[in-house]
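To start, the structure under review is shown below, and the notes come after it.
Note that the numbering runs from 1 along the sequence shown for the chain. Here the structure is a predicted model, which is why all the values come from computation and not from measurement.
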Amino acid sequence: MRLVMNEPVERMDRPYARRWWALLVLCLSLLIIVMANTALTVAAPDMTQDLGLSSADLQWVIDGYTVPYAALMLLLGAIGDKYSRRGALVLGLVVFGGGAVFGYLADSAATVIAARAVMGVGAALIMPATLSLLAATFPRAERAKAITLWTATAGLAIAAGPLVAGALLAHHGWSSTFLINVPIAALAIVGALVLVPPSRAAHHERIDYVGGLLSVVWVGSLVYMIIEGPHFGWGTKAVTAAVVAGVGLVLFVARELRQPRPVLDVRRFAHRRFAGSNLAVALFFLAVFGAFYYLTQHLQFVLGYDALQTGVRMLPLAGAVFVGSALTGYLTPRIGMKITVTAGMVGGTAALALLTRVGPGSSYGDFVLPLVILGLAIGLALSPCTDAIMGAFPESELGVGGAVNDTSLELGGSLGIAILGSVLASSYSSHLADATAGSRLPAHALTTAQDSVGAGYAVAQGIGDKARQLAEQAAHAQNAEQAARLRAQADQLAHGARQMADAVGSSFADAVAHTSLVGAVVLGIGTVLVAVLLPRKGRPTEAEDQAENGSSRAPEPTDLPRNPAPWTYVS
């Protein structure tokens, strides 16, 4: 048996025998690029302390990964279709692993941000390649099941990131959360070469690089605006990014409508099934990433769990994703995509609505049911949507299809952290100001505490440290009068520290409840829109098929024989 799998999947006259092992490699590749974001949220406090990061530095350490990741996927997906999907996967893993090594060696904010950006470029190669290889390797009858496992892996990665990071941080520094990616990437590279068959479009004309570059400009500018505006204010940078994103989008759409072979046929978004599926993916990850952003903070700062304990307590979400995915495979063929996806989005809305009950006295037990319902909702809604998006593209454009799905996911996640993160920060700041009204807390200390829940507890700890210093001075005072005065000041400061800590915890809990309400409203409205958009039938309607054929695109993959050799249609 040959060590490297060299037979292209398109030349096989029957389904690839080791396709489920190939799926394992694709899921492993997906796992590390999703975990790269969720693990960092747990490692952020140690990194901030070690490198002296400002809040702006920390924000860009997190989002330096997101901008190139979202912006490059469409163009790189098209390049993978033309030249080699497996080649794109392997190259992406090499770049991702190299960025991880760079991050491990980083010793400043700038180098960490640069390392994260390199990893984002690698992820932009990997993510669409995993879906396109999955779709190319599996027969249409098995594709939905394979996508279900792919989606379940993404849900597992969301919860596994904090767990792995927490285990590493218990014995190693924050840089270990970068280095752990290297052996996993190396294993995935070997697996890709041995188990994943090469694949590319048999007939693919010249890539519309101008359209691809316009997509990079408008998506990158949009993501930059989403990050910059809510967190750092709507100054020149954010406004300029908004203008560039708007102009870039208009130019991109105008060019793609005129091109006979566009990088992305934007007419697809006029089809209800396709548009509804993308909207559902974006809205769901808006809710999931936004909720994950503030739930991990609440578990760590307010309830006092360390990184590993936080990761363990997110496991109900991962387990529920697998259960929801299994239910999807059973329900969708019987009741249809529309009902399954709508039910999932209703469940997600209900999970966020339950989080509105969070208060100062809430314990971890109050979070278990919302986490389980949210996980079930992810499993129910995302697999059918991803399958519908991929099914809308011919075999020659599977990389582009994967990129469209993943761009919707990434834009939704970025919007979730930006919108719900902004609501959280504003609500926390307002509640803390009210909770400390009438206190003797200096204005500068209140301003510092309002920056974040971590900063709030740091201010409370600083007051407590001052109280302990005064108590020690009292113990060594030269006379009783001085000792009594110092003890009184120490007691007053200690009482103030406890009050401050209580105010921070209660203010953040109230902010979580308020933010969850906003998220539930947004997802609830989105649920109605998706329910209206999605057609009743599981397959595209006759009108949509006619519109698709009228757009001069290649036939749908469902209309083609499985892996003809050679392919008999022109893309």
(Q) For Phe367, give me all partners under ring pair (Phe, Tyr, Trp, His ring centres under 6.0 Å), at least two apart in sequence or on another chain. (A) His298
Q. CH2/Trp150 to CG/Leu30 distance, rounded to the nearest 0.5 angstrom?
A. 5.5 Å
Q.
Can you confirm whether Leu424 sits close enough to Leu420 that some side-chain heavy atom of one is under 4.5 Å from a side-chain heavy atom of the other?
A. no
(Q) So, taking the atom named CG in Leu222 and the one named OG in Ser414, what distance separates them when rounded to the nearest 0.5 Å? (A) 8.5 Å
Q | Heavy-atom side-chain proximity of Met127 to Leu131 below 4.5 angstrom | A | no
Q.
When you compare the side chain of Ile180 with that of Met35, does any pair of heavy atoms fall below 4.5 Å?
A. no
Q) Roughly how far, to the nearest 0.5 Å, is the CG atom of Leu409 from the CG atom of Leu286? A) 11.5 Å
Q: Taking all non-hydrogen atoms of both residues into account, name the closest pair between Phe508 and Tyr294 and its distance.
A: CE2-O, 3.9 Å
**Q.** Atom pair CG (Leu374) and CG (Leu352), whose distance is rounded to the nearest 0.5 Å
**A.** 6.5 Å
**Q.** Shortest non-hydrogen contact between Gly103 and Trp174, atoms and distance
**A.** O-CZ3, 3.9 Å
Q.
Is it the case that atom CZ in Phe301 sees more than 12 heavy atoms from other parts of the structure closer than 6.0 Å?
A. yes
Q | For the student: nearest non-hydrogen atoms of Phe96 and Met119, plus distance | A | CD1-O, 3.4 Å
Q | From His431 atom NE2 to Thr436 atom OG1, the distance as rounded to the nearest 0.5 Å | A | 12.5 Å
Q: Supply the atom-to-atom distance Ser422 OG to Leu415 CG, rounded to the nearest 0.5 angstrom.
A: 12.0 Å
Q) When the ring planes of Phe285 and Phe289 are compared, do they come out parallel, tilted or perpendicular, using 30° and 60° as the limits? A) tilted
